[in-house]
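For ligands, and for the atoms within them, numbers begin at 1 and follow the listed sequence. Because the structure is predicted, anything quoted here is derived from the model rather than measured.
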Amino acid sequence: MSGATRVVGHSLPRLDAPGKVTGSAVYAADFALPGMLYGKVFRSREPHARLVRLDTSRAAAIAGVRAVIAAADVPDVRYGAAVKDEPVFAPDIVRYVGQPVAAVAAVTLEAAEAALAAIEAVYEPLAPVLDLAAALAPGAPLVHEGWQAYTAIPILQRDGNVCNRARIVVGDVERGWAEADRVFEHRFTTAMVHQGYTEPRAAVAAWDSSGQVTVWSNTQLPFDVQATLADILAIAPSKIRVIVPGVGGGFGGKLRVGVEHFAALLARKAGRPVKVMTTSEEELTAAYPRQGTVIELKTGVTRDGRLTARQGRIYFDTGAFAGSGPGVASVATLVLAGPYRTPNLHLEGYAVYTNKTNCGSYRAPSGPQANFAVESQMDIIADALGIDPLELRLRNIVREGDEGPTGQVLSAVGLEECLRRAAEAIGWRDRRPGPGRGKGLAIGWWTTTGGSSGVYVKINPDGTVALNTGAVEIGTAALTGAAQVLAEALGVDLTDITVVSGDTFATPFDFGAQGSRTAFAVGNACRAAAAELQRKLFAQAAAQLGAAEETLELRDKHVVGPNGRISLAELARQSQLAGGGMIAHGTFIAPGTAYDTKRVEGHVYPAFHSPSFHAHAVDLSVDGETGEVTIHKYVVAQDVGFALNPTYVEGQIEGGVAQGLGQTLSEEIVYRDGRVLNANLTDYKMPTTLDVPRVESILVEHPGRVGPFGAKGVGEPPNVEPPAAVANAIAAAVGTRITSLPITAEKIVLGQNGGAR
Ligand code: MOS
């Protein structure tokens, strides 16, 4: 397809590159206003306790302190996505170490920090719920005694510490066990991990005399933050303007309000703009990391390797509030099914409250955890049956026209091609090339999230094009991808397009930078706007060119007819003088994906729209003495539908693998007795450039029916398979099967899964 296109499908430089490489781009963390105060949050030091006394008087008396606020000073509301269970400040009970209890604003950061140190809080400890086992034990203490009184979306299946149980049931697993020659049961565990974005969460808030507040934030979802702030501030959303300057990475960690509400509340109290920005310690104790999980997986197979049934339960340690947990638990059930044909399924995802920080969404939420279990077990089954792992997968994978687990009909399924090409590129025929060396495979599928997107597109009187979108550029180059779609449709160059984005007052609604949807949805909205502009341009040009509208086309920045042409610049000038300007509003929402409603319960994400399919393959060595893993080669074959910009698609793949390898080999937020032991970037071990291998990307293109030029979401998928691919390669290399993440050198040397909970 790219041969016939001028702009899409080509690796053109991203529009936001100059500011980012020269350092002139302003991120939210850089943003400042004259007279701005610095806000800091006072946080609980107890995992579960009654707050019996809070004394902020000494803090308020410190020189330079302009505001001190706690629960009594803010609207008595609880907010949340699926369950409204979270207060701004703990009013009486604290539920995790790090929960906000009060906040201060002062003229300097030092004065704000001194004020925090002067706040006195006295707690009366309550029995903490420290992990999943404790939360799920019969008679366990409740993290929320009053959980039934919270407002929640009605389909959730809640019970005590379980804030949702999502379920998929297909066929009858009992029949499946009876048909199986072998039944395999395993338990897997995964650790809590942080998204590791470069820029901390940051917000500046300023109120004007009309009672309107403007918040500059690095959120991925400005419209969602606007709505949540309306709940928290108890004012109309139309009084809240959220503007997103540059975002230094989000990966799902910047979906929900983080510091915006503290900035707004402190600014309202102080009557001055306030900036709040998190520290590394706050990020690692009080952000929205990926949930740790326990996964129980039972799979039946025939002697020749045909899957007959699967029963899976995945428990998410969602922390003190529901947050994204109910949704993530739902998505997990689709991942547990795998991209496999399995006639009988009983899959459950549980979001479980504990006294830890509220976990959230992290690039392919639930994907790495559930896929680790599924794809590790596939290799265990292959070994037990004496079938090559590649062959076992080929016998069971979904193909064109198959049903997904909830009955959606799958199309544009490039999975077999991904699997065969990844295996070929890694040299699969020689799976154990030497002592301590082995190769591993893992496959998966992922969604392209729907939700609506709107754009305004204006042709300027100089012939350039303004793209105005409510979406947010979080670093992926997705808005460059969307702009490429627009340039292609209008017959202009990518460099003719300027982008204004992420402003709840100035840009049309967008569902936000989440779920691998931005280039897909904004690109389609651009196509709609371009079609509307074409109608207007042709109507205006037809008489001047003496040609019927049907004979016109858009080419080379001109409307071209049989006997002449007229430039977009000229048409825009004419329209600006006589017709209000050459402007269109383009919108898009992904059509619903049909599924069998009888198969699901408590489910908030029952189908994967325009799903992508992928295969990862890795070749590594394990040092027999130290357990150190060295990756020689890492290959990803990903069905991206159509690569709008191959360079940035590859960038997403490389970044997703790097992040995935961190979760696989070294990263873990370690809790003991409800406290994080490694809340700093020395002891929380993210990979650096020196640790990340070169990644070979193979872009497979089975065009989807909905996305622009067939594109599917590409941002999240590469984060899904690294844990399983690496675990399988380690097992091939040294015969040690590690079933808990991270797969540290210690676990490999000891040949066991010690330390995991
Ligand atoms: Mo994502 S985890 O939907 O930013």
Side-chain angles (χ1 to χ4, degrees), residues 28 81-82 190 192-199 201 217-225 228 244 247-258 283 287-293 316 318-319 322-332 334-335 349 351 358-371 444-453 470-479 481 501-502 510-522 590 604-605 607-612 652 655-656 659-660 662-663 667 712-722:
T190 70
M192 183 192 286
V193 287
H194 190 276
Q195 294 85 352
Y197 33 76
T198 310
E199 184 200 25
R201 289 169 297 155
S217 147
N218 51 15
T219 178
Q220 298 173 234
L221 308 183
F223 291 90
D224 187 77
V225 164
T228 306
V244 182
V247 181
F251 311 107
K254 292 172 181 165
L255 293 178
R256 310 286 168 218
V257 287
E283 284 295 337
Y288 302 107
R290 195 192 288 290
Q291 303 85 356
T293 64
F316 291 87
T318 203
S324 306
V328 173
S330 301
V331 173
L334 296 173
V335 183
N358 176 202
C359 295
S361 297
Y362 177 167
R363 196 174 191 170
S366 84
Q369 302 110 303
N371 185 266
W445 71 314
W446 192 251
T447 185
T448 310
T449 293
S452 86
S453 285
V472 170
E473 176 58 67
I474 58 173
T476 62
L479 288 185
S501 64
D510 189 278
F511 190 58
Q514 57 180 329
S516 301
R517 64 178 295 284
T518 301
F520 172 90
V522 180
V604 301
Y605 208 108
F608 277 176
H609 183 82
S610 291
S612 61
Q652 287 302 295
Q659 247 184 341
Q663 297 166 61
E667 291 182 42
K712 302 168 185 175
V714 296
E716 292 170 303
N719 211 230
V720 173
E721 290 95 338

Once you round to the nearest 0.5 Å, how far does CG of Leu479 lie from CD of Glu473?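 One gets 4.5 Å once the value is rounded to the nearest 0.5 Å.
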For the side chain to side chain donor-acceptor pair (under 3.5 Å) test, which of Thr449, Asp510, Thr448 pairs with Arg517?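 Passing option: Asp510.
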Which residues pass the ring-ring contact (aromatic ring centres under 6.0 Å, His included) test with Tyr362, not counting sequence neighbours?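 Partners of Tyr362 under the ring-ring contact (aromatic ring centres under 6.0 Å, His included) test: none.
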Test side chain to side chain donor-acceptor pair (under 3.5 Å) applied to Glu716 - qualifying residues, sequence neighbours left out: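 Glu716 satisfies side chain to side chain donor-acceptor pair (under 3.5 Å) with Trp446, Ser516 only.
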Collect the protein residues that have a non-hydrogen atom under 4.0 Å from ligand 1 and hand them over in chain and number order.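 Contacts of ligand 1 under 4.0 Å: Gln220, Phe251, Gly252, Leu255, Ser361, Tyr362, Arg363, Pro365, Ala513, Gln514, Gly515, Glu716.
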Listed by chain and number, what are the side-chain contact (heavy atoms from CB on, under 4.5 Å) partners of Ala477, not counting sequence neighbours?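 Scan of Ala477 (side-chain contact (heavy atoms from CB on, under 4.5 Å), adjacent residues dropped) gives Arg14, Thr480, Tyr648.
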Can you label the angle between the Phe608 ring and the Trp445 ring as parallel, tilted or perpendicular, going by 30° and 60°?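 Because their plane-to-plane angle lies in the 30° to 60° range, the rings of Phe608 and Trp445 count as tilted.
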